[in-house]
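Before any comments, here is the structure.
One-based numbering along the sequence shown.
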Amino acid sequence: MTIHEGSRLIWTSGQVAAGPDGAVPDGWEAQTRQVFRNLGAALAQAGAAWADVVKLTFYVVDTDELPVVRAVRDEFVNVAAPPTSTLIRVAGLFRPEFLIEVEAVAAI
């Protein structure tokens with residue numbers, strides 16, 4: 001995706017796998033999918049969609065499950081022209097049950 005002059009950038013805060021009821025699912029696949037649902041909701045609130053995302057930043061507590069994270073990510077982004085991304089391994093997130101946190105930047 002090309003950012004055109006006059007585009008408005010949308011920056012989301014880091015999203016974790018807490019569902020609307022506060023429940024945290026077990027496992028990498030379920031947590032990653034919930035994170036991406038939460039990101040989608042945050043983007044929609046700002047008038048953006050997944051097609052507008054130009055950058056993702058991943059914070060993970062372990063890198064062994066990256067194939068799972070990528071597979072779930074690919075359910076949401078345009079795999080033909082995916083957003084740029086950065087992955088950072090961290091010692092832990094703010095609550096020990098969280099495995100992943102993701103931020104998004106969109107241009108609309």
Side-chain angles (χ1 to χ4, degrees):
M1 167 181 225
T2 302
I3 298 176
H4 299 285
E5 186 175 337
S7 291
R8 181 169 62 106
L9 294 179
I10 307 298
W11 299 78
T12 69
S13 61
Q15 298 294 307
V16 293
D21 62 356
V24 179
D26 291 329
W28 281 93
E29 183 175 354
Q31 283 204 22
T32 303
R33 190 165 282 110
Q34 185 61 55
V35 165
F36 274 79
R37 286 184 191 126
N38 293 348
L39 279 171
L43 291 165
Q45 285 290 320
W50 280 107
D52 302 314
V53 173
V54 296
K55 173 77 166 87
L56 294 169
T57 303
F58 294 81
Y59 301 91
V60 298
V61 298
D62 190 357
T63 56
D64 290 342
E65 298 296 328
L66 289 183
V68 172
V69 171
R70 288 182 183 126
V72 173
R73 174 206 60 194
D74 289 352
E75 295 173 16
F76 291 85
V77 302
N78 176 357
V79 295
T84 62
S85 63
T86 300
L87 181 118
I88 303 159
R89 184 174 182 213
V90 295
L93 295 168
F94 74 99
R95 285 182 21 201
E97 66 268 32
F98 291 125
L99 304 172
I100 182 169
E101 181 173 334
V102 182
E103 300 171 345
V105 178
I108 57 174

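- Between E103 and K55, no side-chain nitrogen of the basic residue sits less than 4.0 Å from a carboxylate oxygen of the acidic one, so the salt-bridge criterion is not met.
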#### Entry: Pair R95-V24, side chain to side chain contact (heavy atoms under 4.5 Å, CB included): steps then yes or no
CA-CA 11 Å; R95 285 182 21 201; V24 179; 3.6 Å; yes

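- Put simply, CD1 on I88 and OG1 on T63 are 13.0 Å apart, with the number rounded to the nearest 0.5 Å.
- With a 4.5 Å cut-off on side-chain heavy atoms, P82 and R70 do not count as touching.
- Side-chain contact check for D52 versus L43: every heavy-atom pair is 4.5 Å or farther apart.
- Expressed to the nearest 0.5 Å, how far CD1 of I108 lies from CG of L9 amounts to 9.5 Å.
- Residues L56 and R73 have side chains in contact (heavy-atom distance under 4.5 Å, counting atoms from C-beta outward).
- In this structure the side chain of W28 never reaches within 4.5 angstrom of the side chain of L66, judged on heavy atoms.
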### Task
Check the pair V90, V61 against side chain to side chain contact (heavy atoms under 4.5 Å, CB included), reporting the backbone distance first and the verdict last.
CA-CA 5 Å; V90 295; V61 298; 4.2 Å; yes

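- For the pair W50/L39, a side-chain contact is recorded, criterion being any heavy-atom separation below 4.5 Å from C-beta on.
- The main-chain N or O of E97 is found under 3.5 Å from a side-chain atom of Q31 such that the two form a donor-acceptor pair.
- Considering only heavy atoms from C-beta on, V60 stays 4.5 Å or farther from E101 through its side chain.
- The aromatic rings of F58 and F36 sit tilted relative to each other, their planes meeting at an angle between 30° and 60°.
- Residues A46 and I10 share a closest heavy-atom pair of CB-CG2, 3.5 Å.
- Summarising the local packing, CD of E29 is surrounded by 12 or fewer heavy atoms from other residues, nucleotides or ligands at distances under 6.0 Å.
- Looking at heavy atoms from C-beta onward, V77 lies out of side-chain contact with V53 at the 4.5 angstrom threshold.
- Formation of a donor-acceptor pair under 3.5 Å by the S7 side chain with backbone atoms of A107 is not found in this model.
- With hydrogens and angles ignored, the 3.5 Å screen pairs no side-chain donor or acceptor of N38 with any backbone N or O of G19.
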### Task
Would you check, one step at a time, whether the test side chain to side chain contact (heavy atoms under 4.5 Å, CB included) holds for E75 with R33?
CA-CA 9 Å; E75 295 173 16; R33 190 165 282 110; 2.5 Å; yes

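- Put simply, the side chain of I100 does not reach to within 4.5 Å of the side chain of Y59, judged on heavy atoms.
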